Amino acid sequence: MRHGAGMTSARTRDRLITRLREQGIRDEETLAALSSIPRHLFVDEALATRAYEDTALPIGHGQTISQPYIVARMTAALRTSGPLERVLEIGTGSGYQAAVLAKLAGHVYTLERVGGLARAARQRFQVLGLGNVSVRHADGCEGWPEEAPFDAIIVTAAARTVPKALFSQLKEGGRLVVPVGAETQELLLYKRRGTALSFERLEPVNFVPLLPGGII
Ligand code: SAH
């Protein structure tokens, strides 16, 4: 057995799912999606043995792969009250959140401002045979107008204010989940009904900031 391989085994993964269930994640389809995506393939090999701990981990470029509990919480929130045919993600990062969504949605469109991260994520989707994810290296604050509107939008970096373009790319009945704030952040779930937007507060979170513009 390769050194540390036991730490990425099915049993190790199952323990994480049990833990998420204990923490209050009730949506079995979300849990099944998390259980089917090998998180260790989304981090550096040196960190693979920590991939099934419920923690955020560094992915280079000063960015992090989100904590599995938060991935589950945001995914389950998007699945409430409507279909999940077309999904937009802002902040591809490692691609883990997009891969989880790809198991539950028709098609996932994901935007990343760091070119190196976008390319690495695209390669992971290919290796895993996830043909229903499209990655674009671009500033997510503009959304993806050519593919809009979306049933659901997920922002995985903290916004001081939610970019207006994102609301306008949401379908009737669509949901948008986004961490809002700077030092103190809260996870918000917006719902669009006609021209009205309602929102509820989910919980305090700690994301890297949503930054303007794209970089190589
Ligand atoms: N969803 C990711 C974690 C995201 S970390 C995962 O599952 O691994 C936040 C990501 O948002 C970082 O990769 C960062 O580069 C990206 N980001 C920050 N501002 C952005 C913007 N304006 N447009 C697109 N991506 C952005």
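Computed from a predicted model, the values in this text were never measured in an experiment. Read the numbers this way: they start at 1 and go in the same order the structure lists the ligands and their atoms.
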### Summary
One finds that the ligand 1 atoms under 4.0 Å from a non-hydrogen atom of V114 are 15 (O)
### Within reach of ligand 1, part of A138 (heavy-atom separation under 4.0 Å)
backbone
### Query
Would you say the side-chain atoms of E142 pair up with the backbone N or O of G140, donor to acceptor, closer than 3.5 Å?
no
#### Entry: Atom pair CG (L111) and CD (E147), whose distance is rounded to the nearest 0.5 Å
10.5 Å
### Summary
Taking every heavy atom of H137 against every heavy atom of A118, the minimum-distance pair comes out as CB-CB, 4.2 Å
### Query
Going by atom types alone, do E203 and Y69 pair a side-chain donor with an acceptor below 3.5 Å?
yes
### Query
Which ligand 1 atoms are under 4.0 Å away from a heavy-atom of V208?
5 (S), 9 (C)
### Query
Where is the nearest protein heavy atom to atom 7 (O) of ligand 1: which residue, which atom, and how far?
Q97 N, 3.0 Å
### Task
Please state whether E89 comes within less than 4.0 angstrom of ligand 1, counting heavy atoms only.
yes
### Residue and atom name of the nearest protein heavy atom (relative to atom 8 (O) of ligand 1), distance in Å to one decimal
S94 OG, 2.6 Å
### Message
Test of understanding: given a 4.0 Å heavy-atom threshold, classify the contact between P209 and ligand 1 as side chain, backbone, both, or neither.
### Response
backbone
### Query
Going by distance only, is there an N or O of L210 that falls short of 3.5 Å from an N or O of ligand 1?
no
### Task
Return the option from I65, V71, T92 holding the heavy atom at the smallest distance from atom 2 (C) of ligand 1.
T92
### Query
How far is atom 3 (C) of ligand 1 from its nearest protein heavy atom, and which residue and atom name does that atom have?
T64 O, 3.3 Å
## Note on the structure
In ligand 1, the atoms that come under 4.0 Å of a heavy atom of Y96 are 7 (O)
### Message
Any nitrogen or oxygen of S66 lying under 3.5 Å from a nitrogen or oxygen in ligand 1? Just yes or no.
### Response
no
### Query
Just distances here: any N/O of L117 and N/O of ligand 1 closer than 3.5 Å?
no
### Query
Short list, please: which atoms of ligand 1 are under 4.0 Å from a heavy atom of C141?
22 (N)
### Query
Between H107, Q169, E89, which is the residue that forms a side-chain contact (heavy atoms from CB on, under 4.5 Å) with F150?
Q169
### Message
Using a 3.5 Å distance criterion without hydrogens, assess whether the side chain of R124 forms a donor-acceptor pair with backbone atoms of S94.
### Response
yes
### Message
Please list the nearest protein heavy atom to atom 25 (N) of ligand 1 with its residue and the distance rounded to 0.1 Å.
### Response
R113 N, 3.2 Å
### Task
Validate the cation-pi geometry between R39 and Y96: distance from NZ or CZ to the six-membered ring centre under 6.0 Å, angle to the ring axis within 45°.
yes
### Query
Could you walk me through whether L47 and E45 pass the side-chain contact (heavy atoms from CB on, under 4.5 Å) check?
CA-CA 5 Å; L47 288 171; E45 228 177 306; over 6 Å; no
### Message
Please list, in number order, the atoms of ligand 1 under 4.0 Å from a heavy atom of L111.
### Response
24 (C), 25 (N)
### Query
Between R15 and E53, does at least one N-O distance fall below 4.0 Å, as a salt bridge requires?
no
### Task
Enter the distance from I17:CD1 to E28:CD here, rounded to the nearest 0.5 Å.
9.5 Å
#### Entry: Protein contact to atom 21 (C) of ligand 1 [nearest heavy atom, distance to 0.1 Å]
L211 O, 3.4 Å
### Message
Quick one, K191 with S81, criterion side-chain contact (heavy atoms from CB on, under 4.5 Å). Give me CA distance, side-chain angles, the key distance, then yes/no.
### Response
CA-CA 9 Å; K191 288 182 187 168; S81 68; 3.7 Å; yes
### Query
What is the closest protein heavy atom to atom 15 (O) of ligand 1, and at what distance does it sit?
E112 OE2, 2.6 Å
### Query
Going by distance only, is there an N or O of G91 that falls short of 3.5 Å from an N or O of ligand 1?
yes
### Task
Starting from atom 23 (N) of ligand 1, find the nearest protein heavy-atom neighbour and note its residue, name and distance.
G140 N, 2.7 Å
### Query
Can D139 and R113 be counted as an ion pair, charged N to O under 4.0 angstrom?
no
## Note on the structure
Looking only at protein heavy atoms, what sits closest to atom 12 (C) of ligand 1 is Q63 OE1, 3.2 Å
### Message
Quick check: H40 with F42 (ring centres under 6.0 Å apart)?
### Response
no
